[in-house]
Amino acid sequence: MNQITKNIASLFLFISLFGYANPILESGIKSGKEIVTGADNFKAYLPLLKNKKVGIVTNQTGILTNKKHLVDFLVEKKIKIKTIFAPEHGFRGTADAGEHVSDDIDQKTGLPIVSLYGKNQKPKPEQLEGIDIMVFDLQDVGTRLYTYVSTMHRIMEACAENNIPLIVLDRPNPNIAIVDGPVLDIAFKSGIGMHPTPLLHGMTFAEHAKMINGEKWLKDGIQCKLTIIPCLNYDRSKSYSLPVRPSPNLPNDQSINLYVSLCLFEGTNVSMGRGTEKQFQIYGSPDLPKSDFAFTPKPNFGDKDPLYNGIKCNGEDLSAIPRINRLEIKWLIKAYQTTADKSKFFDKRKFSIRAGNEKLQQQIEAGLSEEEIRNSWKEGLENFKKMRQQYLIYK
């Protein structure tokens, strides 16, 4: 395949994954009035940006209902954007999970892009110089494991330290109805878990930002000057289908719903479908017993070097199961109980920072039932729910 052919193929792949014609990722409101995201609630924030030099934290999810990107919209409105700050996966959202992203120039607008994933995870004072106000617009999926939460924390901290106001343009959480899982033990704090929240916290980014400020979780207890632009016509009973992939390995609503439950496998020797077209909808490994379902990971758009590249994996296909309404650990328990060599199943460090403690691995290894494990979360979950109540925006 020559280079021109490769470029054409890549273009069609990009359009199919992030473009307007992805049938699985149709933006859809299932009930009531149409939801208006914070970005689309522009009458509330445009006056705040007038005659200001603006920094903006966003990626491919920062779009309006008309599919126009927020950056392009602001440029058209003569808002003076000084710098774009990009999270994991980059400004256009095409980098692999964990892949370092370099600073760049946006080809469409000519604006400088500063990467916040890799060595430079928090804006430096010199990168914020001349910025009067910061705008944050990213799509979350409702879990502490998503690195965009850590990005927001660091942005808030940098803004507080440099006396820069922050505007958070809120977006619906597709898993907002689920609050479940063990609450993070702060001893296991990391880039995929910075706050003592459960794996599924049931909050939007704006609600989470209010909590970070209110609980004084930023360095030295400092607080960010925060302005929230809320979603309109939104409440916690409404479902929401994302218009674009929030990251390369979350291709549809099913993957977003199953993401956290299967993400725990990243701390084991089991693949959760990276290198296939059913990322976070299937799981398997060569060490699991043969069944009616198997898959062979290969390099693709979401992962250039997937686990078990070219090796057949036995497992389970969850791509057509009904929507789940809690953190499911039954697949994790089943895989551990049926793996060929239990001593090789867990990667203790990787699993503990995902679970938020060492206890979950110990419970599974000890043979505790799913019910017994869930009961151990109850007190932490109840305390968290009471604490978060004061920060909720939507009924």
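Any value given below was found using the heavy atoms of this structure, including those in side chains, with hydrogens, waters and symmetry copies removed.
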Could you give the distance from [atom1] ([X]) to [atom2] ([Y]), rounded to the nearest 0.5 Å?
X: Ile256; Y: Phe280; atom1: CD1; atom2: CZ; value: 11.5 Å
X: Thr143; Y: Met203; atom1: OG1; atom2: CE; value: 10.5 Å
X: Phe295; Y: Glu277; atom1: CZ; atom2: CD; value: 13.0 Å
X: Arg274; Y: Asp305; atom1: CZ; atom2: CG; value: 12.0 Å
X: Phe293; Y: Ile282; atom1: CZ; atom2: CD1; value: 4.0 Å

Give a yes or no answer on whether the side chain of [X] reaches the backbone of [Y] with a donor-acceptor pair at less than 3.5 Å.
X: His195; Y: Thr197; answer: no
X: Asp235; Y: Lys395; answer: no
X: Gln254; Y: Ile321; answer: yes
X: Asn162; Y: Ala158; answer: yes
X: Thr276; Y: Gly273; answer: yes
X: Asp347; Y: Asn269; answer: no

Does a side chain donor of either [X] or [Y] reach within less than 3.5 Å of an acceptor in the other side chain?
X: Thr339; Y: Asp287; value: no
X: Ser376; Y: Gln363; value: yes
X: Tyr148; Y: Asn59; value: yes
X: Asn175; Y: Arg323; value: yes
X: Gln281; Y: Asn252; value: yes
X: Asp170; Y: Thr204; value: yes

Minimum heavy-atom separation for Ser291 and Gly315, please, with both atom names.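 In this case the closest contact between Ser291 and Gly315 is OG-O, 2.9 Å.
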Closest non-hydrogen atom pair, Thr268 against Phe265: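 Heavy atoms of Thr268 and Phe265 come nearest at OG1-O, 2.7 Å.
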Does NZ in Lys80 sit with more than 12 non-hydrogen atoms of other residues, nucleotides or ligands closer than 6.0 Å?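 Atom NZ in Lys80 is not crowded, with 12 or fewer foreign heavy atoms closer than 6.0 Å.
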Can a salt bridge be assigned to the pair [X] and [Y] using a cut-off of 4.0 Å between side-chain N and carboxylate O?
X: Glu207; Y: Arg236; answer: yes
X: Glu328; Y: Arg326; answer: yes
X: Lys359; Y: Asp185; answer: no
X: Arg171; Y: Asp137; answer: yes
X: Arg154; Y: Glu161; answer: no

Tell me whether the guanidinium CZ or amine NZ of Lys342 lies under 6.0 angstrom from the six-membered ring centre of Tyr336 and within 45° of its axis.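 Yes.
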Output all residues satisfying ring-ring contact (aromatic ring centres under 6.0 Å, His included) with Trp377, sequence neighbours left out; order by chain, then residue number.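 With neighbours one apart ignored, the set is empty.
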For Glu370, the option from Leu332, Ile329, Asn375 that meets side-chain contact (heavy atoms from CB on, under 4.5 Å):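 Per the side-chain contact (heavy atoms from CB on, under 4.5 Å) rule, the option paired with Glu370 is Ile329, out of Leu332, Ile329, Asn375.
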Look at the aromatic rings of His69 and Phe91 and report parallel, tilted or perpendicular, splitting at 30° and 60°.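 Perpendicular.
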